[in-house]
Amino acid sequence: MLQVNFIRENLEIVKQGLIKRGFQNIDDTLKAVLETDDSRKKTQSELDDLLAQSNKLAGEIGQLYKQGKKEEAENKKISVAKLKEAAKILQDNLTQAKSTLEEYLLNIPNIPHRTVPQGKGENDNEVYKAWDKAFPDLKDAKLPHWELAKKYELIDFEMGAKITGAGFPLYTGKGAKLQRALINFFLDAAEEAGYQEVIPPHVVNEASARGTGQLPDKEGQMYHIQIDDLYMIPTAEVPVTNIFRDVILHQNDLPKKLSGYTPCFRREAGSYGAHVRGLNRLHQFDKVEIVRVEHPDKSYDALQEMLKHVEGLLDKLELPYRILRLCGGDIGFTSALTFDFEVYSAAQERWLEVSSVSNFETFQSNRLKLRYKNEKGKKALAHTLNGSALALPRIVAALLENHQTTDGINIPKALWKYTQFEKIS
RNA sequence: GGAGGAGUGGCAGAGCGGUUGAAUGCACCGGUCUUGAAAACCGGCAUAGUCGAGAGGCUAUCGGGGGUUCGAAUCCCUCCUCCUCCGCCA
């Protein structure tokens, strides 16, 4: 969430940013935001005046009682009662103004970084780093992963559907081991890169979902456990970033680098069809997420470092990939700059998104109230970043498809020590 | 799930209806002393909103929300969290 003062002081920047995201006719909204804030301030100060008067009278009444001047005290009580009545109205107005302001602010997305390209949707994303080598030549072995999964008994989609429903696969045998291997591979790599491993809760409360911006923007995306009013996490970003909700770090504590493996749960309501077949889109999947809290001056360097980290993983998995810089129309609500990683899945002959690495600048930290103190004790909002490193299903899909031969699937060398097998056959 | 107890500043810990935003200790920051350090001593040290050029003023905040009262950290209700005992259980 943007700060009102930021909007006030950078009106033109905010405007241009929203236009880049495809918003139109935002002048009125921004004007209303500032007016609401003005009226909030005015009401607050009127209310404070009344409360100051009434506090003063209360003190006087106390004195009068001590001096035994009951009658005078009673008279003053009447004045206080009148003040309170007026204060009540102001209090209601203030609450109203605050909630209106909040409502506005919650619906204004982050301002895109200056390098974010103009554009309406995914077709306008910029290819930041293209794949300049050849794609795998599959020759006679060109099965899509769902057929490979069936052939080698790696994943039982029907059984998952029986147990739970579509989008909840059951991994079996070497398929299950491959999952475990990838998770460990990713976690070890993150540790090597200086990320501290955590295992967070897989279910979060409303405050956490709000803190990272899943609420109210993406309410329908999460599974909601109504009886306890908890949400199943759509990504480890939510519980991990919320470690820092209402936290004031010292500048010297930065950066904070955390990694976490969790299953992720997404309702993905309304998305069905050929493109979501097999592992392409699931309701439950595994992911290792990396999260960073950074000093504002260093967050973009950190973002680059995260890109390198993800690139390293994909190199080791011997998968062709490209990096996209998301355009204004495709970038997430809370993000200032996002790079997506896509791996090329040779049998399906299409790119699959496997990672999204973003800098949220202060957008999340403002909601989270995540700040840092500098040497002089001055507090400022920290920057938050996160990225998938990596999400498993599409990696598995690409791994199976790209590394298939007529007599089996070759496991990339980097995984051998985790899988304990070199080939699926 | 049942019965009790507790939640106060970074931590520990007073206060239990009236200048208490909150004693005291520790921690932390600045200074004096010292060749240097420690000790000792002196001073500073919550957050947020708002007004002000600034000094500073005002308001709110003692787990969250609501209530009683002229006045609440202190009384009442409710929710949350933690602790103890009982029950159930991986």
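The sequence lines fix the lettering, A, B, ..., with proteins before strands; numbering per chain opens at 1. What you see below is based on every heavy atom in this structure, not just the backbone, and it leaves out hydrogens, waters and symmetry mates.
- Counting to the nearest Å, the P atom of B/G71 and the OH atom of A/Y65 are 11 Å from each other.
- Base-pair partner of B/G18: B/C70 (Watson-Crick or G-U wobble, both distances under 3.5 Å).
- Pair check for B/G36 finds none; no Watson-Crick or G-U wobble contact set falls under 3.5 Å.
- Of the candidates B/C51, B/C58, B/G18, B/C58 carries the atom nearest the A/A52 side chain, counting heavy atoms from C-beta on.
- A centroid separation of less than 6.0 Å is found between the aromatic rings of A/F339 and A/Y128.
- With a cut-off of 3.5 Å on both Watson-Crick or G-U wobble distances, the partner of B/G43 is given as B/C29.
- Between the CD atom of A/Q251 and the P atom of B/C28 there is a distance of 20 Å, given to the nearest Å.
- A/M1 places a side-chain heavy atom less than 4.5 Å from the side chain of A/L106.
- Distance noted for atom C1' between B/C85 and B/G13: 27 Å (whole Å).
- One can place CZ of A/R210 at 19 Å from P of B/G64, the figure rounded to the nearest angstrom.
- Put simply, the side chain of A/H403 gets close to the backbone of A/L317: a donor and an acceptor are under 3.5 Å apart.
- Of all nucleotides listed (B/U47, B/G18, B/C58), B/G18 comes nearest to the side chain of A/A58.
- Under the side chain to side chain contact (heavy atoms under 4.5 Å, CB included) criterion, A/K31 pairs with A/E35, sequence neighbours left out.
- For B/A73 and B/C16, the C1' atoms lie 8 Å apart once the distance is rounded to whole Å.
- Atom CG of A/L50 is separated from atom P of B/C70 by 18 Å (rounded to the nearest Å).
- Distance check on atom C1': B/C45 versus B/U50 gives 23 Å, rounded to whole Å.
- One interatomic measurement links the two molecules: CZ of A/R8 to P of B/G49, which rounds to 13 Å at whole-angstrom precision.
- Of the two residues near RNA chain B, A/L51 and A/S54, the one whose nearest nucleotide lies more 5' is A/L51.
- Mapping A/K41 and A/Q53 onto RNA chain B by nearest heavy atom places A/K41 closer to the 5' end of the strand.
- Look at CG on A/L83: it is 13 Å from P on B/C70, rounded to the nearest Å.
- Nucleotide B/G4 has B/C83 as its partner under the Watson-Crick or G-U criteria, with both atom distances under 3.5 Å.
- One atom, CZ of A/R245, and another, P of B/U81, lie 13 Å apart when rounded to the nearest Å.
- Taking side-chain N and O atoms only, A/R40 has a distance below 4.0 Å to OP1 or OP2 of B/U50.
- Screening A/L381, A/V293, A/T362 against A/L370 for a side-chain contact (heavy atoms from CB on, under 4.5 Å) leaves a single residue, A/V293.
- Within the structure, every side-chain polar atom (N or O) of A/K77 is placed at least 4.0 Å from both OP1 and OP2 of B/G71.
- When distances run from any side-chain atom of A/V80 to the nucleotides B/G49, B/G71, B/C70, the shortest one goes to B/C70.
- Side-chain contact between A/L400 and A/L143: absent, with no pair of heavy atoms (C-beta onward) separated by less than 4.5 Å.
- Within 4.0 Å (heavy atoms only), A/K76 reaches no atom of the nucleic acid at all.
- Phosphate contact (OP1/OP2 of B/U47, side-chain N/O of A/K379, threshold under 4.0 Å): present.
- When the C1' atom of B/A48 is taken as reference, atom CG of A/N5 falls 13 Å away, rounded to whole Å.
- Note on A/N55: every side-chain N or O is 4.0 Å or more away from OP1 and OP2 of B/C58.
- A/L11 contributes atom CG, which lies 8.5 Å from atom CD1 of A/I26 (distance to the nearest 0.5 angstrom).
- Of the candidates B/U59, B/U50, B/C70, the closest approach to any side-chain atom of A/I61 belongs to B/C70.
- A gap of 26 Å separates the C1' atoms of B/U61 and B/G5, to the nearest Å.
- Remark: B/C58 base-pairs with B/G49; criterion is Watson-Crick or G-U wobble with both hydrogen-bond distances under 3.5 Å.
- Between B/G63 and B/G9, the two C1' atoms lie 14 Å apart (nearest whole Å).
- Among the atoms of the strands shown, none is found under 4.0 Å from any heavy atom of A/L57.
- Taking atom P on both B/G31 and B/G17, the two are 44 Å apart, rounded to the nearest angstrom.
- Here, B/C79 and B/G25 have their P atoms 40 Å apart, quoted to the whole Å.
- Distance check on atom C1': B/C58 versus B/G52 gives 11 Å, rounded to whole Å.
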